[in-house]
There are 2 protein chains.
Amino acid sequence: MSVEEWLRVPTVKAERAARTRQRILLAAAEVFDEAGYERAAVTQIVERAGLTLGALYFHFGSKQGLAEALMNAQPATIEPHLESTGLQRVVDITLVWADRMKRDPILRAGVRLAVEQGSHGMNDATSFEEWRALMRSHLDVARAGGELRASVSPDRVARFVVGACTGMQVYAHLATKRADLMERVSDMWELLLPGVAADSMLHDIQIDPERIPDTGP
Amino acid sequence: MSVEEWLRVPTVKAERAARTRQRILLAAAEVFDEAGYERAAVTQIVERAGLTLGALYFHFGSKQGLAEALMNAQPATIEPHLESTGLQRVVDITLVWADRMKRDPILRAGVRLAVEQGSHGMNDATSFEEWRALMRSHLDVARAGGELRASVSPDRVARFVVGACTGMQVYAHLATKRADLMERVSDMWELLLPGVAADSMLHDIQIDPERIPDTGP
């Protein structure tokens, strides 16, 4: 082994570990998404991933650790698809989220586990607080740019939007298998913008689902 | 038995049956609220109610039938506490709902079961659609009374508010054990009213939690 090859060993190992972790995460997402937490078996997850139980426990510690990792992976599935800033960014986060819910099992499992966690004895608001902090950061930019009504608190808007999206998803999932989730999100902004955006911004913010490009598979 | 007594037999029986049904419902609500659907045992429910398994199956058919009855009992726990009309009524439904969530186990169990139902293989949007229809009926009154902005669809507002309340409750439950649920509901209306209420109504609609009288135990 040359010095160069020897120096690369940790990187190669880390890359392989990251790929293994991602394979388990994806297989777990599919199984949780189909069966829910209680009915999902870890043996089924590793079988689908083509890996061993040892790999699962090495990377996630337990079935619950896997569920926590999925709940907290939500924002990472959305952010790469976005370019806008300020209030438009917050709108876009929700539109891309509604679009990605149709095709991304990791996002879908994360949302489902976060909502249903009470039924399997978990009680972890982390994923909600992370969404809120993310939206809050973009709303702070909006505030600095004069995009918000003076009376509006960026943190309270963030808290409200996270809660509203959570519930719209639950309702849309039961009523229409999420077929109208995007429409519901767009509706939310139509109702919400007059109370949130500065008058000068009201007609600049785009809330039409069509503005979201095809985010791929 | 006199004729009068004989004629009263069906009424007495019906009253007794209604009381039995209500006792089972309350015991089931407490158990579901504490343990979630999967972990709740029907034996535990009838023991708490001081009744037999036979009574439970006679009135509700199955554990799932009991869960459905609780999910669909939600509006009935709220409506008796209300007097306002139109848009104010819709605001009041949500404020009283947030208040009753603190003290009414039947409401709490209904909400929890509706949100977590996916985890135990149920898929029933009925309770959401009933809330929506109820709010829609009051928003139709609001529309007829000129209380809504011309661009607003009563049905879409109803659909949005039901979803938003659902999600605010999930988030508040995890983050603060619902301590700030009322504040979140009031926040929602502060953000939402400019997009929903006609300008002439904007300052007439009361959204302060203080307006809700003590609704008792």
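In what follows, chains carry the letters A, B, and so on, assigned in the order in which the sequence lines appear, proteins first and then strands, with residues in each chain numbered from 1. Note that these values count all heavy atoms, side chains included, but never hydrogens, waters or copies made by symmetry.
The shortest non-hydrogen separation linking Asp124(B) to Leu174(A) is N-CD2, 3.8 Å.
Shown here is Asp199(A), whose CG atom has no more than 12 heavy atoms of other residues, nucleotides or ligands within 6.0 Å. Counting non-hydrogen atoms of neighbouring residues, nucleotides and ligands closer than 6.0 angstrom, the CD atom of Glu130(A) exceeds 12 such neighbours. Shown here is Glu47(A), whose CD atom has no more than 12 heavy atoms of other residues, nucleotides or ligands within 6.0 Å. Counting non-hydrogen atoms of neighbouring residues, nucleotides and ligands closer than 6.0 angstrom, the NZ atom of Lys177(B) reaches no more than 12 such neighbours.
Taking non-hydrogen atoms and a 4.5 Å limit, the residue list of residues 148-158 of chain A in contact with chain B, ordered by number, reads Arg149(A), Val152(A), Arg156(A), Val157(A).
A salt bridge between Glu116(B) and Arg112(A) is absent, with no side-chain N of the basic residue lying under 4.0 Å from a carboxylate O of the acidic one.
No other option in Cys165(B), Ala172(B), Ala164(B) has as many heavy-atom pairs under 4.5 Å with chain A as Ala164(B). If you tally non-hydrogen atom pairs under 4.5 Å between each of Met122(A), Arg132(A), Gln169(A) and chain B, the highest count goes to Arg132(A). Most heavy-atom pairs under 4.5 Å with chain B, from the set Thr166(A), Leu193(A), Leu192(A), Leu191(A): that is Leu191(A). Contact tally against chain B (heavy-atom pairs below 4.5 Å) for Arg184(A), Met168(A), Met188(A), Gln117(A): the top residue is Arg184(A).
Residue contact with chain A, scored on non-hydrogen atoms closer than 4.5 Å, involves the side chain of Asp187(B) exclusively. Both the backbone and the side chain of Glu129(A) have a heavy atom closer than 4.5 Å to some heavy atom of chain B. If you measure heavy-atom distances from Ala114(A) to chain B, the contacts under 4.5 Å come from the backbone alone. With a 4.5 Å cut-off on non-hydrogen atoms, Val115(B) touches chain A through its backbone and its side chain both.
Between Phe128(A) and Tyr171(B), the ring planes lie parallel to each other; the angle is under 30°, not in the 30° to 60° tilted range.
Looking at heavy atoms from C-beta onward, Arg159(A) lies in side-chain contact with Glu183(B) at the 4.5 angstrom threshold.
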